[in-house]
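Since the structure comes first, as structure tokens, the remarks are kept for the end.
Just follow the structure's listing: the first ligand is 1, and inside any ligand the first atom is 1. If you read the sequence from its start, that first residue is 1, and numbering goes on from there.
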Amino acid sequence: MKLKELESCLQQVDVFEEPKLLLEQYPTSPHIAGCMLYTIHNTFDDIKGKLVADLGCGCGVLSIGAAVLDAGLCVGFEVDEDAVDIFKGNVEEFELPNIDVVQCDVCCLETMSFAKKFDTVIMNPPFGTKHNQGIDMTFLKTAISMAKTAVYSLHKTSTREHIQKKADDWNVKMEVIAELRYDLPATYKFHKKKSVDIQVDFIRFSLK
Ligand SMILES: C[S@@+](CC[C@H](N)C(=O)[O-])C[C@H]1O[C@@H](n2cnc3c(N)ncnc32)[C@H](O)[C@@H]1O
């Protein structure tokens, strides 16, 4: 599948109706999601036939993209019931058999029995800017505990050094695959501009 085809397919995914500020419900744009998944699939062969987890899956743009690219199974994990409902509606629309969703708090997953149960973990985690400082690192630690091969994640570029230190502590190799300008739509009342660009790293953590 070509990148343009993947991107236009992901434009059909419904997103949050009323995004929740405290949960940092910024959807990944079809363009960014398409580029991420295309790279994970074509450069690293970490999707086709693999068991994939999507942490903080929201309405499912990354999960659906992984399923469209022939993941063996992609399982989304999301705390918010409304987002899970939209996710399920999207799955019905796309008629995909290789996708599922679990409603749960990702911060509690590490203690459950998911250690090394997935080949690949993909995610656009909350960045930890809404009275939830550190949640990005909790997501990352959980993802690393769940994956056998690799974790792909988006993180604010300003946190790169901190993440590198943590990756070194955890003995995990980290590679910044791309630097992105992430366009946050002015979904929330406190945003005065139409949209706000933030610098974000697309990072691969390899576990093998
Ligand atoms: C930046 S959004 C990304 C959504 C989606 N993955 C996407 O790419 O469009 C972060 C998501 O994490 C979810 N989330 C926040 N805290 C969570 C938690 N503790 N456990 C599970 N999901 C959580 C939010 O509800 C939201 O859907």
Of all the atoms in ligand 1, which lie at a distance below 4.0 Å from a heavy atom belonging to Val61? 7 (C), 8 (O), 9 (O)

Of all heavy-atom pairs linking Asn98 and Ala67, the shortest is ND2-O, 3.0 Å

among protein heavy atoms, the one nearest atom 3 (C) of ligand 1 is Asn124 O, 3.3 Å

May I ask you to test the Val75-Val101 pair for a side-chain heavy-atom distance under 4.5 Å? no

Around atom 4 (C) of ligand 1, find the nearest protein heavy atom and jot down its residue, atom name and distance. Gly56 O, 3.4 Å

Looking only at protein heavy atoms, which one is nearest to atom 24 (C) of ligand 1, and what is the separation? Leu23 O, 3.3 Å

May I ask you to decide whether Arg204 forms a salt bridge with Asp46, counting only side-chain N to carboxylate O separations under 4.0 Å? yes

Worked check of side chain to side chain contact (heavy atoms under 4.5 Å, CB included) between Met146 and Lys117: CA-CA 6 Å; Met146 290 168 74; Lys117 288 288 186 290; over 6 Å; no

Checking a contact table here: which protein heavy atom is nearest atom 22 (N) of ligand 1, and how many Å away? Val79 N, 3.3 Å

At less than 4.0 angstrom from any non-hydrogen atom of Pro27, what atoms of ligand 1 do you find? 9 (O)

4.5 Å side-chain heavy-atom contact, Leu109 and Cys104: yes

Decide yes or no for Phe202 and His155: does some side-chain heavy atom of the first lie under 4.5 Å from some side-chain heavy atom of the second? no

Report the relative orientation of the aromatic rings in Tyr152 and Phe44; use parallel for angles under 30°, tilted for 30 to 60°, perpendicular for over 60°. tilted

Residue pair Met36 / Leu154, side-chain heavy-atom distance below 4.5 Å: yes

Can you sort out which atoms of ligand 1 are near Glu24, meaning under 4.0 Å from one of its heavy atoms? 1 (C), 2 (S), 10 (C)

So which heavy atom in the protein is nearest atom 7 (C) of ligand 1, and how far is it from that ligand atom? Thr28 OG1, 3.3 Å

Looking only at protein heavy atoms, what sits closest to atom 5 (C) of ligand 1 is Cys57 O, 3.3 Å

For Gln25, is at least one N or O under 3.5 Å away from an N or O on ligand 1? yes

Between Asp105, Thr142, Val121, Val102, which is the residue that forms a side chain to side chain contact (heavy atoms under 4.5 Å, CB included) with Phe77? Val102

Ligand 1 atoms nearer than 4.0 angstrom to some heavy atom of Phe16 are 27 (O)

Ignoring hydrogens, just give me the one of Val15, Asp105, Thr138, Asn132 whose non-hydrogen atom is nearest atom 19 (N) of ligand 1. Asp105

Looking only at protein heavy atoms, what sits closest to atom 20 (N) of ligand 1 is Val106 N, 2.9 Å

Taking the non-hydrogen atoms of Pro126, is any one of them nearer than 4.0 angstrom to ligand 1? yes

Under 4.0 Å, counting heavy atoms only: does Phe139 come that close to any atom of ligand 1? yes

Cys104 neighbourhood, listing ligand 1 atoms whose heavy-atom distance to it stays under 4.0 Å: 20 (N), 21 (C)

Please write down residue, atom name and distance for the protein heavy atom closest to atom 13 (C) of ligand 1. Glu78 OE1, 3.3 Å

So which heavy atom on Ile86 is nearest to which on Asp14, and how close? CG2-O, 3.7 Å

Looking only at heavy atoms, the pair that brings Pro27 and Val15 closest together is CB-CG1, 3.9 Å

